[in-house]
Amino acid sequence: MFRIFTANHIIMAQFASKLGLIAATVGSAVGLGNVWRFPAEAQANGGGAFLIVYLFCVLLLGIPAMLGEFAIGRNGATDAVGAYKKIAPGKAWWIVGMMGIVASFLILCFYTVVTGWTLEYLVNSLTGSLYSNVGAATDADASFSWTMHEYIASDWQPLIYTFITLVITAGVLMMGVEKGIERVSNIMMPALFILLLIFCVASLTLPGAGKGVEFFLWPDFSKITPMVVINALGQAFFSLSLGMGVLYTYAGYFPKQTKLAQTATTVSLLDLMVSVMMGLIIFPAVASFGMMGSELEGTTLVFITLPEIFQQMPATRLWSVLFFLLLFFAALTSVISIAEVSVRLFQDRMKMSRFKAVLTVMIPLLILSCVCSLSQGSLSDITFFGMNIFSLFDTFASNILLPAGSLLMCIYIGWFAPRKLMPDQLTNYGTLRCLVVKPVMFLIKWVAPIAIFIILISPLIK
Ligand code: PHE
């Protein structure tokens, strides 16, 4: 049975278990941000030094901001716009929720495309075709670049895989919160952690792995610059799924006894752990294969450097399949969470059935995802401000809407929200002791807005 009760059109779906709730929220947080962005950011910003700054960003700003979204979300028990309308009726704060929804939709358009690429690589690793043409080439690097270009820049293949990703996402969403999102997360998240562990052991035992570990963990404090701090904070917000409406929406499915502080800490630390594990997989592997100097930018890392490494290892195809499976699980659970933001909006604002709401989201998404996919190929000549459509969506959503939405959320909670909101939500209306209410409020009121404002204007000072 779906755990959905409707009373006066209010949809009361909930996560059924504490573990499922954590799995779903971690599923949203853990994604391409951890696998794709984190190693590249760590490499570009000084390795160990970045890790330390990142840790502080997660603990001091990420967790309080997550708590702010949880509080508004659970109080509202509805979509991101409705949650603000409920707590601040008659005011314009709902626009903050709307910004999150727009950001999440734009992110979704290209995130599904990249998820499609991982699926394409997974299938081609399974069939072996990813590696079959490389044997003939003398220069493996050139060969994998060529393969990537073939897979990503061709028109049809990526479109087909993007379409499959959308169909899977729609299927899960139609099954509902408990039977769909929670159940899929309960399977994919433990599998992802097991795969990560296997890769960590394999990578750390490679000859010469120590150099990579040293780069990643040894902090050289002289490398910490204002830019490193800004990049770490941007990465933390993206990775924790902040500012995009996801956490308001998921918190709307938290039962009233869920301990918000404990949940935010667990989710953030698990997300951090995945990023650290990714570092412990990537850096030892690239060091061991003498590729420390190569650029670890997301696409190159995942679709060129790693296949090259797998090719030099015994059981190439097995490693390749396991890795792309890991990446696909990580990406898919994030896609599901981002799409849920809009589904919930249509369900609650337009009073649609879940089935209709999913279709209403999927149709424009399909069109825009296809445009994003083609912007890597046939439509690559269409550019705005020097960016193709894919990068335009990414930049506008991740660099502008995301920090702006988080900034306004902190300003709202810190300065305008009813004073009882945070204490009530953190203590479950006085039934729990929560020692962190005051420090969290201080961080949300003073520290987070200033820090996020600096991220927002950082492109102007870069
Ligand atoms: N946090 C996800 C990641 O690290 C990305 C994401 C963005 C998820 C927006 C939800 C909303 O990849």
Side-chain angles (χ1 to χ4, degrees), residues 56-104 106-107 226 229-252 260-261 264 268 341 345 396-426 434 436-461:
F56 277 102
C57 290
V58 170
L59 296 179
L60 292 181
L61 298 167
I63 296 181
M66 185 178 280
L67 279 172
E69 294 200 12
F70 278 177
I72 295 176
R74 187 172 63 174
N75 178 71
T78 179
D79 59 283
V81 167
Y84 275 100
K85 285 198 164 170
K86 181 167 174 194
I87 192 138
K91 305 269 167 53
W93 288 105
W94 61 269
I95 295 173
V96 182
M98 201 63 214
M99 281 167 67
I101 292 175
V102 173
S104 68
L106 292 179
I107 290 186
V229 180
I230 288 171
N231 290 337
L233 195 53
Q235 169 65 17
F237 272 64
F238 184 85
S239 190
L240 295 175
S241 303
L242 288 164
M244 284 172 276
V246 171
L247 301 176
Y248 302 109
T249 310
Y250 271 20
L260 296 189
S268 303
V341 174
L345 178 84
F396 183 56
S398 313
N399 300 357
I400 299 174
L401 286 177
L402 186 162
S406 300
L407 174 66
L408 291 172
M409 184 275 290
C410 291
I411 293 177
Y412 174 69
I413 294 211
W415 299 89
F416 295 95
R419 286 181 154 231
K420 281 166 67 67
L421 173 73
M422 287 301 275
D424 277 353
Q425 286 298 329
L426 288 178
C434 181
V436 293
V437 178
K438 280 211 169 114
V440 164
M441 277 310 279
F442 174 78
L443 290 166
I444 294 190
K445 194 166 181 173
W446 297 103
V447 186
I450 297 171
I452 303 169
F453 182 71
I454 296 174
I455 309 192
L456 199 59
I457 58 163
S458 66
L460 305 176
I461 48 177

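We use all heavy atoms of the structure for the numbers below, so side chains are in, but hydrogens, waters and symmetry mates are not.
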Using every non-hydrogen atom in the two residues, find where [X] and [Y] come nearest and quote the distance to one decimal.
X: Pro449; Y: Ile411; result: CB-CG1, 4.4 Å
X: Ala397; Y: Leu106; result: CB-CB, 4.0 Å
X: Ala80; Y: Thr249; result: N-OG1, 4.4 Å
X: Pro403; Y: Ser398; result: CD-O, 3.3 Å
X: Ala65; Y: Met409; result: O-CE, 3.2 Å
X: Val436; Y: Ala261; result: CG2-CB, 4.4 Å

Heavy-atom donor-acceptor pair, [X] side chain to [Y] backbone, under 3.5 Å:
X: Trp94; Y: Gly82; answer: no
X: Ser268; Y: Ala264; answer: yes
X: Glu69; Y: Gly243; answer: yes

Can you find a pair of side-chain heavy atoms, one from [X] and one from [Y], that are under 4.5 Å apart?
X: Ile444; Y: Met422; result: yes
X: Val341; Y: Met244; result: no
X: Ile63; Y: Val440; result: no
X: Trp93; Y: Ile87; result: no
X: Val229; Y: Leu233; result: no
X: Lys445; Y: Ile413; result: no

Gap between atom [atom2] of [Y] and atom [atom1] of [X] - 0.5 Å precision:
X: Gln235; Y: Leu240; atom1: CD; atom2: CG; result: 9.0 Å
X: Ile455; Y: Ile400; atom1: CD1; atom2: CD1; result: 13.0 Å
X: Met441; Y: Leu421; atom1: CE; atom2: CG; result: 8.0 Å
X: Leu402; Y: Leu407; atom1: CG; atom2: CG; result: 11.5 Å
X: Leu260; Y: Cys434; atom1: CG; atom2: SG; result: 8.5 Å
X: Gln425; Y: Ile72; atom1: CD; atom2: CD1; result: 10.0 Å

Going by side chain to side chain contact (heavy atoms under 4.5 Å, CB included), Ser406 matches just one of Leu401, Leu61, Ile452. Which one? Ile452
Give me the one residue out of Tyr84, Phe70, Tyr412 that meets ring pair (Phe, Tyr, Trp, His ring centres under 6.0 Å) with Tyr248. Tyr84
